[in-house]
2 protein chains.
Amino acid sequence: MGATNTTHFTTKQNSIASIAKALGHPARVAILEYLMKVDSCICGDIVNELPLAQATVSQHLKELKNAGLIKGNIEGNAICYCVDEKAIAKMQKYFEAMNLKIENKKAKCC
Amino acid sequence: MGATNTTHFTTKQNSIASIAKALGHPARVAILEYLMKVDSCICGDIVNELPLAQATVSQHLKELKNAGLIKGNIEGNAICYCVDEKAIAKMQKYFEAMNLKIENKKAKCC
DNA sequence: ATTGTTTATCGTAATATTGCAATATAGCAT
DNA sequence: ATGCTATATTGCAATATTACGATAAACAAT
């Protein structure tokens with residue numbers, strides 16, 4: 001096969017997996033971090049920052065956008081991409097809750 | 001191509017991407033959540049919990065283990081898998097820091 | 001109108017992932 | 001020793017991802 005079977009999992013599980021998957025490539029992590037570093041941003045900068053061809057970077061940006069991790073506005077010739085706070089906040093809350101559960105755990109097996 | 005080019009990114013970027021990638025499948029998110037729910041765990045339970053064949057679940061467990069998200073001890077006949085707190089803590093800190101940076105951000109473009 | 005700049009899309013090749021049946025392995029129980 | 005149970009591995013087919021060159025689209029500037 002090769003196609004992920006999403007139908008049997010909860011909406012939240014699929015949503016977390018979808019965001020995580022988008023972050024599952026170092027180039028996309030690097031893009032996100034670069035967008036955080038500069039306050040406003042144009043893709044041309046990103047291409048220069050990364051060891052990848054323009055077409056590849058564009059493709060990565062598209063995936064980040066599809067996953068809701070970034071949002072972009074057309075600004076004349078260029079496009080302004082920004083981190084989408086909502087997705088980051090969602091992941092932050094998810095791992096925070098998980099972390100809390102682990103700390104409150106008494107039983108240990110491993 | 002198809003092979004991810006890790007050499008040009010930082011160790012941390014590769015590390016975050018690697019953990020995120022492992023979580024980039026709803027079945028693996030579901031496995032992690034199930035391991036959180038029960039305190040101690042055996043893989044047989046996991047197979048029954050998921051809509052996937054035993055071989056597929058075993059493969060997903062292997063990936064989670066490779067990414068450092070879970071750890072497992074052999075216990076006689078079965079294997080006891082647990083969430084590895086270190087990986088969760090790492091992700092939690094990563095997103096927390098990112099979230100803080102976003103909150104302190106003044107400039108907005110999108 | 002032509003040129004240059006920036007970003008997206010298409011086509012394609014290489015590689016990775018997903019999923020499962022079949023089989024192997026390892027320990028437990030009889 | 002034989003069978004039973006739990007997990008891993010192998011082999012394979014279907015699909016997805018990664019990467020890039022070539023090209024297109026959209027706009028700005030001359």
Side-chain angles (χ1 to χ4, degrees), chain A residues 1-9 13-14 17-18 20-31 34-35 40-67 70-82 109-110, chain B residues 1-9 13-14 17-18 20-31 34-35 40-67 70-82 109-110:
Chain A
M1 312 260 165
T4 295
N5 187 352
T6 62
T7 56
H8 294 96
F9 302 100
Q13 283 166 347
N14 279 313
S18 163
K21 189 177 185 181
L23 274 174
H25 192 293
R28 294 196 287 267
V29 172
I31 288 174
Y34 183 66
L35 286 177
S40 178
C41 176
I42 296 168
C43 180
D45 295 350
I46 300 175
V47 172
N48 295 336
E49 282 284 314
L50 295 175
L52 294 166
Q54 182 266 325
T56 309
V57 172
S58 184
Q59 204 173 257
H60 281 311
L61 284 166
K62 193 178 174 185
E63 272 175 74
L64 284 169
K65 198 174 183 184
N66 283 343
I70 63 175
K71 50 190 174 177
N73 276 357
I74 297 170
E75 274 191 15
N77 203 355
I79 289 198
C80 167
Y81 276 120
C82 297
C109 51
C110 305
Chain B
M1 313 263 165
T4 294
N5 188 352
T6 61
T7 55
H8 294 95
F9 303 101
Q13 283 165 347
N14 280 312
S18 163
K21 190 177 184 181
L23 274 174
H25 193 292
R28 294 195 288 265
V29 172
I31 289 174
Y34 183 66
L35 286 178
S40 177
C41 176
I42 296 168
C43 181
D45 295 350
I46 300 175
V47 172
N48 296 336
E49 282 282 313
L50 294 175
L52 294 166
Q54 182 266 325
T56 309
V57 172
S58 183
Q59 203 174 260
H60 281 311
L61 285 167
K62 193 178 174 186
E63 273 177 72
L64 283 169
K65 199 173 183 185
N66 283 343
I70 63 175
K71 49 190 173 178
N73 276 357
I74 296 169
E75 274 192 15
N77 202 356
I79 290 198
C80 166
Y81 276 120
C82 296
C109 51
C110 304

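Chain letters run A, B, ... following the sequence lines, proteins first, then strands; residues in each count from 1.
- Residue contacts shown for A/Ala55 include a base, since a base heavy atom lies under 4.0 Å away.
- Ring geometry for B/His25 versus A/Phe9: interplanar angle over 60°, hence perpendicular rather than tilted (30 to 60°).
- Checked against C/dA8, D/dT18, D/dG21, the side chain of A/Leu61 finds its nearest nucleotide in C/dA8.
- Comparing atom distances between the B/Ala78 side chain and each of D/dT7, C/dG19, D/dA19 picks out D/dT7 as nearest.
- No donor-acceptor contact under 3.5 Å links the side chain of B/Gln59 to the base of D/dA8.
- If you check D/dA6, D/dA8, D/dA22 against the side chain of B/Ser58, the one that comes closest is D/dA8.
- The CD1 atom of A/Ile79 sits 9.0 Å away from atom CG of A/Leu61, with the distance rounded to the nearest 0.5 Å.
- Residues satisfying the side chain to side chain donor-acceptor pair (under 3.5 Å) test with B/Gln54, not counting sequence neighbours, are none.
- Between the CD atom of A/Gln54 and the P atom of C/dC10 there is a distance of 14 Å, given to the nearest Å.
- Across the protein-nucleic acid pair, A/Lys62 atom NZ and C/dT7 atom C1' stand 12 Å apart, rounded to whole Å.
- Between the P atom of C/dT9 and the CG atom of A/Asn66 lies a distance of 10 Å, rounded to the nearest Å.
- Looking at every heavy atom in both residues, B/Tyr34 comes nearest to B/Ile46 through CD2-CG1, 3.9 Å.
- One atom, CG of A/Asp45, and another, P of C/dT5, lie 15 Å apart when rounded to the nearest Å.
- At whole-Å resolution of the value, CG in B/Asn14 and P in D/dT18 are 13 Å apart.
- Distance alone, capped at 3.5 Å, is enough to place a donor-acceptor pair between the B/Arg28 side chain and the B/Ala22 backbone.
- Listed nucleotides: C/dT18, D/dA19, D/dA8. Nearest to the side chain of A/His60: D/dA19.
- Atom CG of A/Leu52 is separated from atom P of D/dT18 by 11 Å (rounded to the nearest Å).
- Residue B/Lys21 is in sugar-phosphate contact alone, with no base atom involved, counting any heavy-atom pair closer than 4.0 Å across all strands shown.
- When rounded to the nearest whole Å, the span between OH of B/Tyr81 and C1' of D/dA8 equals 9 Å.
- Here D/dT18 presents its C1' atom at 15 Å from NE2 of B/His8, a figure rounded to the nearest Å.
- Out of D/dA8, D/dT18, D/dT17, the shortest distance to the side chain of B/Ile79 is found at D/dA8.
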